[in-house]
Amino acid sequence: MARYSKGIETKRKLILLTYHKLLEQNVSSITVRNLVAEAGYSPSALYRYFGSLDDLIVVASVRFLEEYIRGYAALLDRNDDFMKIYRDGWQLFNYHAFSRPDVFYGLFWGEYNGKFANAMEEYYQV
C-alpha cells in the first residue's frame, strides 16, 4: 500500500513540476533530462508513470484549463441571453488559448489531442 501512495505522490510531483515549467517555458523547450533532474528522479521514473514526456505534458496542461473553466462557470451563472453567454464563452476561450497557443494546441488540435479525455481523467485522479 505504501508503494502505491508513493507512486501517486511521484506522479503528482512530476505533473506539478511540469506545469510550473510550462508557466516559464514553451512546451518544446521541456526535456526529460532537465525535468527529472530538477525533480530528483531518474528518467526511468518518468517512464514508469507516463508513456512519454508528451503524455506528461498533456496531463500537466490540463491545469491551464482551470481558470477558463471557472470563468465559463461564472458566465453560466449569469442571467444573460444564451447567445451572449456563448459569445462571451468563446471570447474567454480565445483569450486563454491565444495566451498559450502551444499548450492549447497540444490539448485540442495537436498530435496528442486524442489523449485529452484520458489526460483529464488522470489529472483529476492524481
Side-chain angles (χ1 to χ4, degrees):
M1 185 72 168
R3 186 164 195 246
Y4 179 75
S5 64
K6 184 177 180 184
I8 294 294
E9 288 305 313
T10 301
K11 282 180 80 168
R12 183 176 291 129
K13 184 175 180 180
L14 287 168
I15 291 168
L16 288 175
L17 178 61
T18 304
Y19 169 73
H20 289 289
K21 286 287 188 190
L22 287 169
L23 289 173
E24 303 167 358
Q25 302 172 307
N26 193 302
V27 169
S28 62
S29 64
I30 296 175
T31 65
V32 171
R33 182 171 296 188
N34 291 340
L35 191 65
V36 297
E38 189 169 329
Y41 299 124
S42 68
S44 63
L46 185 144
Y47 294 114
R48 170 182 281 169
Y49 299 107
F50 300 95
S52 68
L53 175 62
D54 293 324
D55 290 345
L56 172 58
I57 288 172
V58 170
V59 173
S61 295
V62 169
R63 187 157 180 182
F64 281 89
L65 297 176
E66 288 182 352
E67 186 178 342
Y68 163 72
I69 291 168
R70 281 193 300 275
Y72 201 83
L75 289 176
L76 293 174
D77 287 341
R78 297 186 331 199
N79 273 342
D80 284 341
D81 173 57
F82 180 72
M83 288 305 292
K84 177 158 179 35
I85 292 171
Y86 179 78
R87 283 189 306 271
D88 290 349
W90 185 244
Q91 288 177 339
L92 181 66
F93 179 82
N94 286 337
Y95 170 78
H96 289 283
F98 285 104
S99 67
R100 282 309 302 266
D102 57 328
V103 170
F104 277 72
Y105 180 81
L107 283 173
F108 295 107
W109 298 283
E111 180 180 349
Y112 300 99
N113 72 341
K115 298 181 178 192
F116 178 71
N118 291 338
M120 285 279 284
E121 183 178 344
E122 188 168 1
Y123 177 80
Y124 286 107
Q125 280 180 349
V126 173

Note to self: Show me the pairs that pass salt bridge (Lys or Arg N to Asp or Glu O under 4.0 Å) and involve residues 22-37, at least two apart or across chains.
What the structure shows: none
Contacts table for residues 91-100: side-chain donor-acceptor under 3.5 angstrom, sequence neighbours left out:
| unit_1 | atom_1 | unit_2 | atom_2 | d |
| --- | --- | --- | --- | --- |
| Asn94 | ND2 | Trp90 | O | 3.4 |
| Ser99 | OG | Tyr95 | O | 3.3 |
| Ser99 | OG | His96 | O | 2.8 |
| Arg100 | NE | Asp102 | OD1 | 3.0 |
| Arg100 | NH1 | Leu22 | O | 2.3 |
| Arg100 | NH2 | Leu22 | O | 3.1 |
| Arg100 | NH2 | Gln25 | O | 3.1 |
| Arg100 | NH2 | Asp102 | OD1 | 3.3 |
| Arg100 | NH2 | Asp102 | OD2 | 2.8 |

Next item on the list: Taking all non-hydrogen atoms of both residues into account, name the closest pair between Leu17 and Ala39 and its distance.
Entry: CD2-CB, 3.6 Å
Check: Can you pull the side chain to side chain donor-acceptor pair (under 3.5 Å) pairs that have at least one residue in residues 36-45, sequence neighbours excluded?
Finding: Lys21-Glu38, Ser42-Ser44
Notebook entry, point to check: So do the side chains of Ile30 and Leu56 get within less than 4.5 Å of each other, counting heavy atoms only?
Noted result: no
Item checked: Partners meeting side chain to side chain contact (heavy atoms under 4.5 Å, CB included) with Arg87 (sequence neighbours left out) -> Met83, Lys84
Item checked: Sequence-distant partners of Phe50, ring pair (Phe, Tyr, Trp, His ring centres under 6.0 Å), two or more places apart -> none
Next item on the list: Using the test side chain to side chain contact (heavy atoms under 4.5 Å, CB included), find all partners of Pro101 that sit at least two apart in sequence or belong to another chain.
Entry: none
Donor-acceptor contacts, no H, no angles, side chain residues 106-122, under 3.5 Å, sequence neighbours left out:
| unit_1 | atom_1 | unit_2 | atom_2 | d |
| --- | --- | --- | --- | --- |
| Tyr112 | OH | Asp54 | OD2 | 2.7 |
| Asn113 | ND2 | Phe108 | O | 3.1 |
| Lys115 | NZ | Asp55 | OD1 | 2.5 |
| Glu121 | OE2 | Gln125 | NE2 | 3.3 |
| Glu122 | OE2 | Lys11 | NZ | 2.7 |

Next item on the list: Output all residues satisfying side-chain hydrogen bond (donor to acceptor under 3.5 Å, both in side chains) with Ser52, sequence neighbours left out; order by chain, then residue number.
Entry: none
Next item on the list: Could I get the full list of side chain to side chain contact (heavy atoms under 4.5 Å, CB included) partners for Asn79, not counting sequence neighbours?
Entry: none
Next item on the list: Using the ring-ring contact (aromatic ring centres under 6.0 Å, His included) rule, collect all pairs that involve residues 12-39, keeping only residues at least two apart or in two chains.
Entry: Tyr19-Phe64
Checklist line | Leu16-Val62 co-clustered via ILVMFWY side chain contacts under 4.5 Å | finding: no
Item checked: Linked, directly or transitively: Ile69 and Val126 (ILVMFWY side chains, under 4.5 Å) -> yes
Next item on the list: Quick one: which residue pairs count as a side chain to side chain donor-acceptor pair (under 3.5 Å) with a foot in residues 56-74, not counting sequence neighbours?
Entry: Glu66-Tyr123
Item checked: Residue of the set Thr10, Leu53, Thr18 for which side-chain contact (heavy atoms from CB on, under 4.5 Å) holds with Leu46 -> Leu53
Notebook entry, point to check: Will you find, in the side chains of Ser29 and Asn26, an N or O donor that is under 3.5 Å from an N or O acceptor?
Noted result: no
